[in-house]
**Q** 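Below are the C-alpha coordinates for one structure; questions will follow.
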Amino acid sequence: MGRRVTRWGVAVVAATLLLTGGGCATVDTPAEVPAPVALPEQVSGESTEPDGAVPEEASPTPSAVEAMGAAPKPSASASRSPSPSPTTRSPKPKRAKATAPRAVPKPPTETKVPPAPPKPAPTGCEPSYEGDQASRAQAKAALTEAAGRTYWPTSAPDIRIPSDLIMATAWQESGWQSNIVACDGGIGLMQVMPDTATWMNQRFGQSYDVRDYRDNAYLGGTYLAWLTKYIGDMYFDADYRLDADLCTSELNSCLLNAVIAAYNYGHGAVAREGQPLTIPNPSYVRNVRALLTECVCLGF
(Lines give C-alpha, C1' and ligand atoms only; values in the text may rest on other atoms or scores of the structure.)
Protein backbone atom coordinates (compact mmCIF):
# COMPACT_ATOMS: atom_id res chain seq x y z
CA MET A 1 0.00 0.00 0.00
CA GLY A 2 1.59 3.24 -1.15
CA ARG A 3 4.91 2.07 -2.42
CA ARG A 4 6.66 3.23 -5.58
CA VAL A 5 6.99 0.09 -7.66
CA THR A 6 5.61 -1.31 -10.91
CA ARG A 7 3.56 -4.52 -10.77
CA TRP A 8 3.61 -7.56 -13.07
CA GLY A 9 0.86 -8.30 -15.59
CA VAL A 10 -2.37 -10.09 -14.75
CA ALA A 11 -1.21 -13.45 -16.08
CA VAL A 12 1.67 -13.47 -13.60
CA VAL A 13 -0.29 -12.17 -10.62
CA ALA A 14 -1.82 -15.50 -9.60
CA ALA A 15 1.55 -17.30 -9.74
CA THR A 16 4.02 -14.65 -8.62
CA LEU A 17 2.98 -12.46 -5.71
CA LEU A 18 4.25 -8.94 -5.91
CA LEU A 19 4.39 -7.61 -2.42
CA THR A 20 4.22 -3.99 -1.44
CA GLY A 21 3.15 -1.63 1.34
CA GLY A 22 2.56 2.08 2.10
CA GLY A 23 3.76 4.06 5.09
CA CYS A 24 1.85 6.66 6.99
CA ALA A 25 2.66 8.76 10.01
CA THR A 26 0.90 8.87 13.34
CA VAL A 27 -1.43 11.86 13.62
CA ASP A 28 -4.09 13.15 15.97
CA THR A 29 -7.63 11.90 15.47
CA PRO A 30 -10.09 14.44 14.04
CA ALA A 31 -13.54 14.03 15.53
CA GLU A 32 -15.62 14.87 12.47
CA VAL A 33 -16.07 11.46 10.88
CA PRO A 34 -17.57 8.50 12.78
CA ALA A 35 -15.53 5.30 12.84
CA PRO A 36 -16.29 2.11 10.95
CA VAL A 37 -17.83 -0.63 13.05
CA ALA A 38 -15.73 -3.64 14.05
CA LEU A 39 -16.86 -7.19 13.30
CA PRO A 40 -17.24 -9.38 16.41
CA GLU A 41 -14.54 -12.04 16.37
CA GLN A 42 -16.45 -14.54 18.50
CA VAL A 43 -19.33 -14.91 16.00
CA SER A 44 -18.74 -17.00 12.90
CA GLY A 45 -20.50 -16.20 9.64
CA GLU A 46 -22.45 -13.22 10.97
CA SER A 47 -24.53 -11.54 8.29
CA THR A 48 -24.00 -7.92 7.31
CA GLU A 49 -26.75 -5.32 7.53
CA PRO A 50 -28.06 -3.92 4.22
CA ASP A 51 -26.04 -0.73 4.55
CA GLY A 52 -22.85 -2.69 5.15
CA ALA A 53 -22.24 -1.81 8.80
CA VAL A 54 -21.63 -4.59 11.34
CA PRO A 55 -22.31 -4.04 15.05
CA GLU A 56 -19.22 -3.87 17.24
CA GLU A 57 -18.76 -6.36 20.08
CA ALA A 58 -21.90 -8.14 21.33
CA SER A 59 -24.94 -5.84 21.17
CA PRO A 60 -24.40 -2.08 21.47
CA THR A 61 -27.44 0.05 22.07
CA PRO A 62 -29.40 1.00 18.93
CA SER A 63 -28.46 4.65 19.37
CA ALA A 64 -24.75 3.79 19.51
CA VAL A 65 -25.01 1.61 16.42
CA GLU A 66 -26.85 4.27 14.47
CA ALA A 67 -24.21 6.81 15.42
CA MET A 68 -21.60 4.64 13.73
CA GLY A 69 -23.60 4.09 10.56
CA ALA A 70 -25.24 0.72 11.21
CA ALA A 71 -28.91 0.12 10.54
CA PRO A 72 -30.93 -0.36 13.75
CA LYS A 73 -32.69 -3.66 14.21
CA PRO A 74 -36.45 -3.36 13.62
CA SER A 75 -38.56 -3.30 16.76
CA ALA A 76 -41.71 -5.32 17.23
CA SER A 77 -43.89 -2.28 16.70
CA ALA A 78 -41.98 -1.27 13.59
CA SER A 79 -42.40 -4.73 12.07
CA ARG A 80 -46.18 -4.41 12.39
CA SER A 81 -46.24 -1.12 10.52
CA PRO A 82 -46.47 -1.86 6.78
CA SER A 83 -46.14 1.67 5.49
CA PRO A 84 -43.11 3.97 5.89
CA SER A 85 -43.24 7.11 7.96
CA PRO A 86 -44.39 10.23 6.08
CA THR A 87 -41.09 11.87 7.00
CA THR A 88 -38.97 9.14 5.38
CA ARG A 89 -36.55 10.70 2.91
CA SER A 90 -36.33 9.48 -0.65
CA PRO A 91 -33.01 7.94 -1.74
CA LYS A 92 -30.50 10.35 -3.17
CA PRO A 93 -30.83 10.31 -6.98
CA LYS A 94 -27.90 8.78 -8.81
CA ARG A 95 -25.98 10.83 -11.32
CA ALA A 96 -26.19 9.24 -14.73
CA LYS A 97 -23.17 10.93 -16.31
CA ALA A 98 -19.55 10.79 -15.32
CA THR A 99 -17.98 13.71 -13.51
CA ALA A 100 -14.82 14.73 -15.31
CA PRO A 101 -11.91 15.53 -12.99
CA ARG A 102 -11.24 19.16 -12.27
CA ALA A 103 -8.20 20.60 -14.01
CA VAL A 104 -7.56 22.62 -10.87
CA PRO A 105 -8.63 20.71 -7.75
CA LYS A 106 -10.43 22.07 -4.75
CA PRO A 107 -8.43 22.30 -1.52
CA PRO A 108 -8.42 18.96 0.32
CA THR A 109 -11.03 18.49 3.03
CA GLU A 110 -8.75 16.10 4.92
CA THR A 111 -5.87 18.01 6.49
CA LYS A 112 -4.33 15.08 8.38
CA VAL A 113 -2.81 12.91 5.68
CA PRO A 114 -0.36 10.02 5.40
CA PRO A 115 3.31 10.87 4.70
CA ALA A 116 5.29 9.84 1.64
CA PRO A 117 5.65 6.10 0.96
CA PRO A 118 8.73 4.18 2.15
CA LYS A 119 11.69 3.42 -0.06
CA PRO A 120 11.37 0.35 -2.32
CA ALA A 121 12.61 -2.95 -0.94
CA PRO A 122 16.02 -4.20 -2.08
CA THR A 123 16.01 -6.16 -5.31
CA GLY A 124 15.91 -9.91 -4.79
CA CYS A 125 14.61 -9.70 -1.24
CA GLU A 126 12.31 -12.58 -0.33
CA PRO A 127 9.20 -12.10 1.82
CA SER A 128 8.73 -13.79 5.17
CA TYR A 129 5.71 -15.43 6.77
CA GLU A 130 4.26 -15.05 10.26
CA GLY A 131 1.58 -17.15 11.89
CA ASP A 132 -1.08 -19.25 10.20
CA GLN A 133 -2.41 -18.72 6.72
CA ALA A 134 -6.15 -18.00 6.47
CA SER A 135 -8.06 -20.16 4.03
CA ARG A 136 -9.42 -18.70 0.82
CA ALA A 137 -12.93 -18.92 2.24
CA GLN A 138 -11.86 -16.98 5.33
CA ALA A 139 -10.06 -14.38 3.25
CA LYS A 140 -13.06 -13.95 0.96
CA ALA A 141 -15.40 -13.54 3.94
CA ALA A 142 -13.16 -10.88 5.50
CA LEU A 143 -12.80 -8.95 2.26
CA THR A 144 -16.53 -9.14 1.61
CA GLU A 145 -17.28 -7.78 5.09
CA ALA A 146 -14.81 -4.95 4.55
CA ALA A 147 -16.43 -4.05 1.23
CA GLY A 148 -19.87 -3.96 2.84
CA ARG A 149 -19.05 -1.27 5.36
CA THR A 150 -20.17 2.34 5.48
CA TYR A 151 -16.95 4.12 6.37
CA TRP A 152 -18.25 7.71 6.24
CA PRO A 153 -21.82 7.46 7.62
CA THR A 154 -22.08 11.17 8.42
CA SER A 155 -20.26 13.22 5.80
CA ALA A 156 -20.24 10.76 2.84
CA PRO A 157 -22.62 7.83 3.41
CA ASP A 158 -22.76 7.07 -0.32
CA ILE A 159 -19.11 5.96 -0.39
CA ARG A 160 -18.98 2.22 -1.02
CA ILE A 161 -15.93 0.08 -1.77
CA PRO A 162 -16.96 -2.46 -4.43
CA SER A 163 -16.25 -6.04 -3.41
CA ASP A 164 -14.49 -6.77 -6.71
CA LEU A 165 -12.16 -3.80 -6.10
CA ILE A 166 -11.07 -4.88 -2.63
CA MET A 167 -10.70 -8.51 -3.74
CA ALA A 168 -8.68 -7.56 -6.83
CA THR A 169 -6.49 -5.21 -4.82
CA ALA A 170 -5.80 -7.92 -2.23
CA TRP A 171 -4.93 -10.39 -5.00
CA GLN A 172 -2.60 -7.90 -6.65
CA GLU A 173 -0.98 -7.06 -3.32
CA SER A 174 -0.60 -10.48 -1.70
CA GLY A 175 -2.32 -13.20 -3.69
CA TRP A 176 -4.63 -13.46 -0.67
CA GLN A 177 -1.80 -14.62 1.58
CA SER A 178 -2.84 -13.42 5.01
CA ASN A 179 0.42 -14.19 6.81
CA ILE A 180 2.91 -12.74 4.34
CA VAL A 181 5.25 -9.88 5.24
CA ALA A 182 6.94 -8.03 2.37
CA CYS A 183 10.50 -6.79 2.45
CA ASP A 184 9.29 -3.19 2.61
CA GLY A 185 7.13 -3.98 5.65
CA GLY A 186 3.74 -4.52 4.03
CA ILE A 187 1.66 -7.03 5.99
CA GLY A 188 -1.05 -9.49 5.09
CA LEU A 189 -3.92 -9.57 2.61
CA MET A 190 -3.92 -5.86 1.82
CA GLN A 191 -0.19 -5.32 2.44
CA VAL A 192 -0.82 -2.66 5.05
CA MET A 193 2.20 -0.91 6.52
CA PRO A 194 2.32 -0.79 10.35
CA ASP A 195 2.50 3.01 10.32
CA THR A 196 -0.46 3.09 7.96
CA ALA A 197 -2.44 0.96 10.40
CA THR A 198 -1.50 3.26 13.28
CA TRP A 199 -2.59 6.33 11.34
CA MET A 200 -5.93 4.84 10.27
CA ASN A 201 -6.69 3.51 13.73
CA GLN A 202 -6.21 7.01 15.10
CA ARG A 203 -8.06 8.68 12.24
CA PHE A 204 -11.14 6.46 12.62
CA GLY A 205 -10.92 5.75 16.35
CA GLN A 206 -10.26 2.03 16.01
CA SER A 207 -7.73 -0.51 17.29
CA TYR A 208 -7.40 -2.94 14.38
CA ASP A 209 -4.56 -5.46 14.49
CA VAL A 210 -2.71 -5.36 11.18
CA ARG A 211 -1.63 -9.01 11.63
CA ASP A 212 -5.17 -10.31 12.02
CA TYR A 213 -6.46 -11.12 8.55
CA ARG A 214 -9.94 -9.73 9.25
CA ASP A 215 -8.63 -6.48 10.69
CA ASN A 216 -6.13 -6.30 7.84
CA ALA A 217 -9.01 -6.43 5.35
CA TYR A 218 -10.84 -3.67 7.25
CA LEU A 219 -7.70 -1.52 7.29
CA GLY A 220 -7.31 -1.95 3.53
CA GLY A 221 -10.96 -1.09 3.01
CA THR A 222 -10.61 1.92 5.31
CA TYR A 223 -7.67 3.22 3.31
CA LEU A 224 -9.52 2.77 0.02
CA ALA A 225 -12.48 4.65 1.51
CA TRP A 226 -10.26 7.45 2.79
CA LEU A 227 -8.63 7.81 -0.63
CA THR A 228 -12.07 7.85 -2.26
CA LYS A 229 -13.17 10.79 -0.16
CA TYR A 230 -9.86 12.65 -0.31
CA ILE A 231 -9.53 12.48 -4.09
CA GLY A 232 -13.28 12.63 -4.73
CA ASP A 233 -13.58 15.91 -2.83
CA MET A 234 -10.60 17.48 -4.58
CA TYR A 235 -11.24 16.47 -8.19
CA PHE A 236 -14.75 15.07 -8.61
CA ASP A 237 -17.01 17.45 -6.65
CA ALA A 238 -17.90 14.73 -4.12
CA ASP A 239 -18.98 12.26 -6.81
CA TYR A 240 -17.63 9.17 -5.06
CA ARG A 241 -18.65 6.54 -7.60
CA LEU A 242 -15.99 3.90 -8.21
CA ASP A 243 -17.58 2.59 -11.41
CA ALA A 244 -15.40 1.31 -14.23
CA ASP A 245 -17.91 2.48 -16.83
CA LEU A 246 -17.18 6.08 -15.83
CA CYS A 247 -13.60 5.71 -17.07
CA THR A 248 -12.37 6.52 -20.56
CA SER A 249 -9.16 5.49 -22.28
CA GLU A 250 -7.40 8.25 -20.36
CA LEU A 251 -6.25 6.79 -17.06
CA ASN A 252 -6.77 10.06 -15.19
CA SER A 253 -10.42 10.28 -16.29
CA CYS A 254 -12.09 8.61 -13.30
CA LEU A 255 -11.99 8.27 -9.55
CA LEU A 256 -11.60 4.48 -9.70
CA ASN A 257 -8.23 4.67 -11.44
CA ALA A 258 -7.05 7.44 -9.13
CA VAL A 259 -7.90 5.46 -5.99
CA ILE A 260 -6.16 2.35 -7.32
CA ALA A 261 -3.07 4.37 -8.19
CA ALA A 262 -2.99 6.10 -4.80
CA TYR A 263 -3.32 2.82 -2.89
CA ASN A 264 -0.06 1.73 -4.50
CA TYR A 265 1.84 4.99 -4.91
CA GLY A 266 0.48 7.20 -2.16
CA HIS A 267 -2.10 9.96 -2.25
CA GLY A 268 0.51 12.69 -2.65
CA ALA A 269 1.70 11.37 -6.02
CA VAL A 270 -1.86 11.30 -7.42
CA ALA A 271 -3.65 14.28 -5.89
CA ARG A 272 -1.66 17.48 -5.47
CA GLU A 273 -2.99 20.90 -4.61
CA GLY A 274 -3.16 23.13 -7.69
CA GLN A 275 -2.17 20.28 -10.04
CA PRO A 276 -4.18 18.05 -12.41
CA LEU A 277 -4.98 14.50 -11.38
CA THR A 278 -1.96 12.26 -12.06
CA ILE A 279 -1.61 8.49 -12.53
CA PRO A 280 2.10 7.78 -11.94
CA ASN A 281 1.83 3.96 -12.03
CA PRO A 282 -0.21 3.00 -15.11
CA SER A 283 0.90 -0.66 -15.13
CA TYR A 284 -0.34 -1.21 -11.59
CA VAL A 285 -3.66 0.46 -12.39
CA ARG A 286 -4.15 -1.60 -15.55
CA ASN A 287 -3.36 -4.81 -13.66
CA VAL A 288 -5.92 -4.15 -10.94
CA ARG A 289 -8.48 -2.97 -13.49
CA ALA A 290 -8.07 -6.26 -15.36
CA LEU A 291 -8.36 -8.23 -12.12
CA LEU A 292 -11.74 -6.60 -11.46
CA THR A 293 -13.23 -8.94 -14.06
CA GLU A 294 -10.56 -11.58 -14.74
CA CYS A 295 -9.15 -12.46 -11.31
CA VAL A 296 -9.30 -16.15 -10.45
CA CYS A 297 -10.05 -14.96 -6.92
CA LEU A 298 -13.55 -13.92 -7.97
CA GLY A 299 -14.45 -17.58 -8.29
CA PHE A 300 -13.30 -18.61 -4.81
Side-chain angles (χ1 to χ4, degrees), residues 27-41 43 46-75 78 84-85 87-95 99 106 108-114 142-163 165-166 190 192 196-197 199-208 214-234 236-243 255-256 259 262-263 267:
V27 299
D28 295 332
T29 306
E32 176 188 356
V33 183
V37 185
L39 177 69
E41 295 185 4
V43 180
E46 185 173 19
S47 62
T48 306
E49 296 291 342
D51 68 353
V54 180
E56 186 173 8
E57 299 300 335
S59 296
T61 62
S63 59
V65 175
E66 289 182 72
M68 293 185 287
K73 295 181 179 179
S75 63
S85 170
T87 59
T88 301
R89 295 182 179 180
S90 300
K92 183 178 179 182
K94 294 183 178 180
R95 285 165 282 200
T99 301
K106 292 180 178 180
T109 55
E110 287 283 298
T111 57
K112 300 292 187 179
V113 297
L143 294 167
T144 301
E145 291 285 355
R149 296 206 168 185
T150 301
Y151 289 95
W152 300 85
T154 300
S155 58
D158 52 336
I159 288 181
R160 292 291 188 275
I161 305 302
S163 59
L165 174 59
I166 196 168
M190 301 297 291
V192 182
T196 305
W199 174 77
M200 284 190 292
N201 276 331
Q202 292 187 347
R203 175 64 187 85
F204 287 91
Q206 294 295 310
S207 57
Y208 292 134
R214 290 160 295 189
D215 286 5
N216 191 283
Y218 303 151
L219 286 165
T222 302
Y223 190 47
L224 287 169
W226 184 88
L227 290 168
T228 298
K229 189 168 193 307
Y230 183 81
I231 301 172
D233 286 345
M234 288 182 67
F236 294 92
D237 295 324
D239 183 351
Y240 302 122
R241 290 176 294 170
L242 296 172
D243 300 343
L255 182 58
L256 173 63
V259 168
Y263 191 91
H267 74 281

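No hydrogens, no waters, no symmetry mates; every other heavy atom, side chains included, goes into these values.
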**Q** Using the rule given for side chain to side chain contact (heavy atoms under 4.5 Å, CB included), can you reason through D237 versus K106, listing the C-alpha separation, both sets of side-chain angles and the distance that settles it, and then say yes or no?
**A** CA-CA 8 Å; D237 295 324; K106 292 180 178 180; 3.2 Å; yes
**Q** Taking all atoms of both residues into account, what is the closest heavy-atom pair of A262 and L227, and its distance?
**A**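 Where A262 meets L227 most closely, the heavy atoms are CB-CD2, 3.7 Å.
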**Q** Just wondering, do E145 and Y218 contact through their side chains at under 4.5 Å, heavy atoms?
**A** yes
**Q** Could you report the tightest heavy-atom contact between Y151 and A146, atom names first, then the distance?
**A** OH-O, 2.8 Å
**Q** Do the non-hydrogen side-chain atoms of Q206 and T222 ever get within less than 4.5 Å of each other?
**A**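 The answer is no, as the side chains (C-beta and beyond) never meet within the 4.5 Å cut-off.
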**Q** Would T150 and R160 count as a side chain to side chain contact (heavy atoms under 4.5 Å, CB included) if you check the C-alpha gap in whole Å, the side-chain angles of each, and the deciding distance to 0.1 Å?
**A** CA-CA 7 Å; T150 301; R160 292 291 188 275; 3.5 Å; yes
**Q** Using side-chain heavy atoms (C-beta onward) and a distance below 4.5 Å, is L165 in contact with L242?
**A** yes
**Q** Are any side-chain N or O atoms of D233 and backbone N or O atoms of P108, one a donor and one an acceptor, separated by less than 3.5 Å?
**A** no
**Q** Please round to the nearest 0.5 Å and tell me the distance separating atom CG of L143 and atom CE of M190.
**A**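 So the CG of L143 and the CE of M190 are separated by 6.5 Å.
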**Q** Who passes side-chain contact (heavy atoms from CB on, under 4.5 Å) against A156, sequence neighbours left out?
**A**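 In terms of side-chain contact (heavy atoms from CB on, under 4.5 Å), with neighbours along the sequence ignored, A156 is linked to W152, D158, I159, K229, Y240.
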**Q** Are the side chains of Y230 and V113 in contact, using a 4.5 Å heavy-atom criterion?
**A**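 A side-chain contact exists here, since the closest heavy-atom pair is under 4.5 Å.
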**Q** Any heavy-atom pair between the side chains of L255 and I231 that's under 4.5 Å?
**A** yes
**Q** What pair of heavy atoms forms the shortest contact from K112 to W226, and how long is it?
**A** O-CZ2, 3.9 Å
**Q** What distance separates T228 OG1 from Y263 OH, expressed to the nearest 0.5 Å?
**A** 12.0 Å
**Q** Do Y223 and V192 come within less than 4.5 Å of each other through their side chains, counting heavy atoms only?
**A** no
**Q** Drop me the distance from H267's NE2 to E110's CD, to the nearest 0.5 angstrom.
**A** 10.0 Å
**Q** Where the side chain of N201 meets the backbone of Y208, is there a donor-acceptor pair that is under 3.5 Å apart?
**A** yes
